[in-house]
Amino acid sequence: GSASVCIGGRTTLTLNGGGGGTGETVKWYTTSCGGTPAGTGNGLSVNPTVTTTYYGRYENGTPCNYVSNCATVTVTVTALPTIPTITITQPTCTVLTGTITVTSPAPGTGFTYSIDGTTYTNTTGIFIVAENTTYNVTTQNAAGCISPVRSAVINASSDRVWNGSTDNDWTNPANWTPAKGPPGDDPRTTHGCRGETKQPTRLPREWSPRPAAAWRSTPSPCGGATA
């Protein structure tokens, strides 16, 4: 028989048929049948660190001294992929998403990639991700072995986009995307990037027509706001 495990994993050795009478015990060996003892019992759990062939047989000691023929199970051990190397593009004033790019192991070399440890359908190594979130980047090889985790911290974007979905209230979080309130707490100011503050000529709720969806304020030289 045969089995496969990733390094650090376990598998179960089972002997079917060939014995099991009263007083008989399944014994497992490596190197040869009757060689180096590896354990006892039908359903022995093993976690080899290298590919190993196990030899199992039924044995009954004195006075019967019965031994069955040996069965073999080769357990193939596959190494884990190396921890991924990544580059991160952080969100900005104008792009509210981040990008995680896996550069090693390289795409096209039989690996798939994940940022949640569950879904391994990505073959490009490129993920467009939400802001203000930490992702656990891993790779999986063709044998199903998963690499150690590389953490990717995506910062909060430096601004919010006005959507005006609820009303004209500048301070209403529902009018912004993401819905975390306007950039800054002072409704008397408009902002481009967080930290830049200019006095508007008019407050958004005073504007006519009302700001269009996805309007973004940017500081103007005259202290007003431009779309």
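These numbers were taken from a predicted model, which means no experiment stands behind them. As a basis for the values below, the full set of heavy atoms in this structure was taken, side chains included, without hydrogen atoms, waters or symmetry mates.
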> Do you know which two heavy atoms are closest between Val153 and Gln90, and how far apart they sit?
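Taking Val153 first and Gln90 second, the nearest heavy atoms are O-NE2, 3.0 Å.
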> Just how far is it from atom OH of Tyr55 to atom CG of Leu13, taken to the nearest 0.5 Å?
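With rounding to 0.5 Å, OH (Tyr55) is 13.0 Å from CG (Leu13).
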> Any link between Leu80 and Val75 through a network of hydrophobic side chains (Ile, Leu, Val, Met, Phe, Trp, Tyr) touching at under 4.5 Å?
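Cluster IDs for Leu80 and Val75 match.
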> Identify the two heavy atoms, one from Leu15 and one from Ala71, that lie closest to each other, and give their separation to 0.1 Å.
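Taking every non-hydrogen atom into account, CD1-CB, 3.4 Å.
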> Would you give the length of the straight line joining atom OG1 of Thr166 to atom CG of Asn168, rounded to the nearest 0.5 angstrom?
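Spacing of OG1 (Thr166) from CG (Asn168) equals 10.5 Å.
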> Can you check whether Asn132 reaches Asn155 side chain to side chain, under 4.5 Å on heavy atoms?
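In short, these two side chains do not touch, never coming nearer than 4.5 Å.
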> Is there a path of hydrophobic side-chain contacts, each under 4.5 Å between heavy atoms of I, L, V, M, F, W or Y residues, that connects Val46 with Val73?
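Val46 and Val73: one cluster.
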> Measure the spacing between CD1 of Ile100 and CZ of Arg150 and express it to the nearest 0.5 Å.
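Reported value, rounded in 0.5 Å steps: 12.0 Å.
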> Can you find a pair of side-chain heavy atoms, one from Thr30 and one from Tyr54, that are under 4.5 Å apart?
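Sidechains of Tyr54 and Thr30: in contact.
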> Output, in order, the C-alpha distance, side-chain angles, deciding distance and verdict of side chain to side chain contact (heavy atoms under 4.5 Å, CB included) for Tyr29 and Arg57.
CA-CA 9 Å; Tyr29 303 90; Arg57 68 185 182 188; 4.1 Å; yes
> Start with the C-alpha gap between Asp167 and Asn172, add the side-chain angles, then the distance that decides, and say whether side chain to side chain contact (heavy atoms under 4.5 Å, CB included) holds.
CA-CA 8 Å; Asp167 51 40; Asn172 185 347; 3.3 Å; yes
> Would a 4.5 Å heavy-atom cut-off, applied to side chains only, mark Ile126 and Thr99 as touching?
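Yes - at least one pair of side-chain heavy atoms lies under 4.5 Å apart.
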> Kindly indicate, with the supporting measurements, whether the criterion side chain to side chain contact (heavy atoms under 4.5 Å, CB included) is fulfilled by Tyr66 and Glu24.
CA-CA 8 Å; Tyr66 168 79; Glu24 294 181 4; 3.4 Å; yes
> Is a side-chain donor or acceptor of Trp28 paired with a backbone partner of Pro37 at a separation under 3.5 angstrom?
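Checked: no pair found.
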> Would Thr76 and Ser4 count as having a side-chain donor-acceptor pair, cut-off 3.5 Å?
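There is no such pair (donor and acceptor under 3.5 Å, judged by atom type) between the side chains of Thr76 and Ser4.
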> State whether a side-chain donor-acceptor pair under 3.5 Å links Tyr120 with Thr138.
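Yes, Thr138 and Tyr120 have a side-chain donor paired with an acceptor closer than 3.5 Å.
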> Using a 4.5 Å cut-off on heavy atoms from C-beta on, say whether the side chain of Leu44 contacts that of Asn42.
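Sidechains of Leu44 and Asn42: no contact.
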> Indicate yes or no for a side-chain donor-acceptor contact from Thr109 to the backbone of Pro107 under 3.5 Å, with no hydrogens or angles considered.
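Checked: no pair found.
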> Could you tell me which non-hydrogen atom of Thr49 sits nearest to which non-hydrogen atom of Val77, and how far apart they are?
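Distance-wise, the nearest heavy atoms are O-CG1, 3.7 Å.
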> With heavy-atom distances below 4.5 Å as the criterion, would you say the side chains of Tyr58 and Thr25 are in contact?
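No, every pair of side-chain atoms sits at 4.5 Å or beyond.
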> Would you say that Pro84 contacts Thr139 through its side chain, given a criterion of any heavy-atom pair below 4.5 Å between the two side chains?
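When only atoms from C-beta onward are counted, Thr139 and Pro84 do touch, with a gap below 4.5 Å.
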> Considering non-hydrogen atoms only, spot the tightest contact between Cys145 and Ala79 and give its length.
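Of all heavy-atom pairs spanning Cys145 and Ala79, the closest is CB-O, 4.0 Å.
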> Write down the atom of Ile86, the atom of Ala152, and the distance for their closest heavy-atom approach.
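Ile86 and Ala152 have their closest heavy atoms at CD1-CB, 3.7 Å.
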> Is there a donor-acceptor contact under 3.5 Å from the side chain of Thr103 to the main chain of Thr85?
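Yes; at least one donor-acceptor contact below 3.5 Å.
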> Measuring only between side-chain heavy atoms, which start at C-beta, is Phe111 closer than 4.5 Å to Pro81?
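Yes, at least one pair of side-chain atoms sits under 4.5 Å.
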> In this structure, would Val129 and Val95 fall into the same cluster of hydrophobic residues linked by side-chain contacts under 4.5 Å?
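They do not share one cluster, since no chain of ILVMFWY contacts under 4.5 Å joins Val129 to Val95.
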> Report the distance from atom CD of Gln140 to atom CG of Asn122, rounding to the nearest 0.5 Å.
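Answer for the CD-CG pair, Gln140 versus Asn122, is 12.0 Å.
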> Run the side chain to side chain contact (heavy atoms under 4.5 Å, CB included) test on Ser104 and Val102 for me, step by step, so that the C-alpha distance in whole Å, both residues' side-chain angles and the decisive distance to 0.1 Å come before the verdict.
CA-CA 6 Å; Ser104 178; Val102 180; 5.9 Å; no
> Among residues two or more places apart or on two chains, list those pairs meeting salt bridge (Lys or Arg N to Asp or Glu O under 4.0 Å) that have a residue in residues 107-125.
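Output for this query is empty, none listed.
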> Enter the distance from Leu96:CG to Glu131:CD here, rounded to the nearest 0.5 Å.
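It comes to 6.0 Å.
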> Considering only heavy atoms from C-beta outward, does the side chain of Pro91 approach that of Ile154 to under 4.5 Å?
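Yes, side chains in contact.
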> How far does OH of Tyr113 sit from OG1 of Thr101, to the nearest 0.5 angstrom?
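One gets 11.0 Å once the value is rounded to the nearest 0.5 Å.
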> Ignoring hydrogens and angles, tell me if any N or O in the side chain of Tyr135 forms a donor-acceptor pair with the backbone of Ser114 under 3.5 Å.
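A pair under 3.5 Å: no.
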> Side chains of Ser45 and Arg10 only: does a donor on one sit below 3.5 Å from an acceptor on the other?
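A pair is found: one side chain offers a donor N or O, the other an acceptor, under 3.5 Å apart.
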